[in-house]
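Okay, structure first, notes after.
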Amino acid sequence: MFGKLRVLRLVVLVFVAIMASRGYGVRGAQADDKLEVFSYWTSGGEAAALNALFDSYKKVNAKTEIINAVVAGGAGTNAQAVLQTRLQGKNPPDTWQSHPSAELQGLYIDPGYLEPVTDLYKSEGWDKVLPKSLIGNLLTSKDGQIYTVLTGVHRYNSLWYNKKLLDSNGITIGKTLSMTDFIADSDKLKVAGVDALCLGDKDIWTSGAVFEMTLLGAIGPDKFLDLYSGKLAFDDPSVKKAMDTYGKLLGYDNSDHAALSWDQAVKKLIEGKCAFNVMGDWAYGEFVNAKQKDNVDFGWVNFPGTEGAFDIVADGFVLPKGALHRDNAVTWLKVIGSKDAQEAFNPLKGSIPVRSDVDRTKFGPYHNWSLDSFAKDTLVPSGIQGLAAPSSFTQALYDGSTQFSVEKDSDAFAKALVAAAKDAGITK
Ligand code: GAL
């Protein structure tokens, strides 16, 4: 009898020790002064911007040891897999980066991994300086709570170009660029032996993004939203037509595209080895990091046809249940939502701050252009980056656009998306 009790007591003690070491049951009482920040921000521009956030944190908590837990791979495709393993093993980082909306809901809120941070929006006064549209449409979860603090909002539908390379080929880009002109310019470059499209699709989402922008440009923001609310079918003739245009654009890419990451493709553009790049404005972070000047070395224009739309890819950090260093995680969230941190981080990252009270003079021409677009254009959450639909649909977009790049079969691509939209609950 006593033997059994002793064993039981031992089991309980070991269990309590393990749980305590993971922060369970001792919330607020931190084991040590550390903060593990999990992200996939490893490119030159991303790392510089992340460091700016660490510096902001250090101003408040200088003694904390920040563990920069990064998993390389743009858009987080690799990081997500590592994170899922940790979450299932009840070993969460103290905070991690994620896109809001569908991705956050499906991967982290629904399985119960997160604590809401709604109270912070009141205590920090964010509810007064963040656009209501953002809070209502993008940040508020199904249960009416908010589970993320945004560092900024990226704009996806910008087309970047090497200004000097285009100048030397007699190509000038105006305020807008039509698809017809884009294709004509690309043909001209081809004749001159220059690859028009800088692509790095080692990570498959980048060619998928070329498809998303082509689609958005072809059908416009309202119909794009209709696709994701199930009002327009993914095999609509207008969608298939966009697929064919996407196929045509791929014909202008660099032959080593499959070996390059997204930031290596931007580097190729900077080096003048190819002309245009379809990339969210995290590409801007690479230009800044390489000391390139807005409108001198590089330029940008709306991806053809996407004027009037702002394809959103926002980034935020979360507060997990069972964070080992919960107090530090909360401080981190307060810091990244602050005016100072938003003003320090976003010029380096390429995204715009989410707060309306930032000093716009601290931002250059690109940011001011993007801020204006955010204020007046139709906001559409990105599908390829997981904001618009559950991850199963994002995966179908990855797979479909990759397969299409080889087979150029728009019927098959459209059929796959229709099936995936049904599976993901976008359509009935
Ligand atoms: C996106 C993310 C951006 C940027 C990009 C490339 O998913 O929102 O912040 O880092 O991937 O890694």
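Atoms within a ligand are numbered from 1 in the order they appear, just like the ligands themselves. Please read all numbers here as calculations on a predicted model, not as lab measurements.
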For Leu189, does its backbone N or O pair with a side-chain atom of Asn169 as donor and acceptor, under 3.5 Å?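 No, the answer is negative, given that no donor and acceptor are paired below the 3.5 Å cut-off.
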
Could you check whether Tyr366 and Trp160 have their ring centres less than 6.0 Å apart?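 Aromatic pair counts; centres sit under 6.0 Å.
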
Taking only residues two or more places apart in sequence, or in another chain, which ones meet Tyr398 in a ring-ring contact (aromatic ring centres under 6.0 Å, His included)?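 Counting only residues at least two positions away or on another chain, Tyr398 forms no ring-ring contact (aromatic ring centres under 6.0 Å, His included).
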
Students should find this: residues with any non-hydrogen atom under 4.0 Å from ligand 1. What is the answer?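 Tyr40, Trp41, Glu46, Gly74, Ala75, His99, His154, Trp262, Trp282, Val313, Asp315, Lys349, Gln385.
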
Going by atom type alone, with no hydrogens or angles, which donor-acceptor pairs under 3.5 Å involve a side-chain atom of residues 144-151 and a protein atom two or more places apart or on another chain?
| residue | atom | partner | partner atom | Å |
| --- | --- | --- | --- | --- |
| Gln145 | OE1 | Thr118 | OG1 | 2.5 |
| Tyr147 | OH | Asp143 | OD2 | 2.6 |
| Thr148 | OG1 | Phe317 | O | 3.4 |
| Thr151 | OG1 | Asp315 | O | 3.3 |

Relative to the ring of Phe413, is the ring of Tyr246 parallel (under 30°), tilted (30 to 60°) or perpendicular (over 60°)? tilted

Excluding sequence neighbours, so at least two apart, what forms side-chain contact (heavy atoms from CB on, under 4.5 Å) with Ala69?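 Result, side-chain contact (heavy atoms from CB on, under 4.5 Å) vs Ala69: Glu36, Phe38.
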
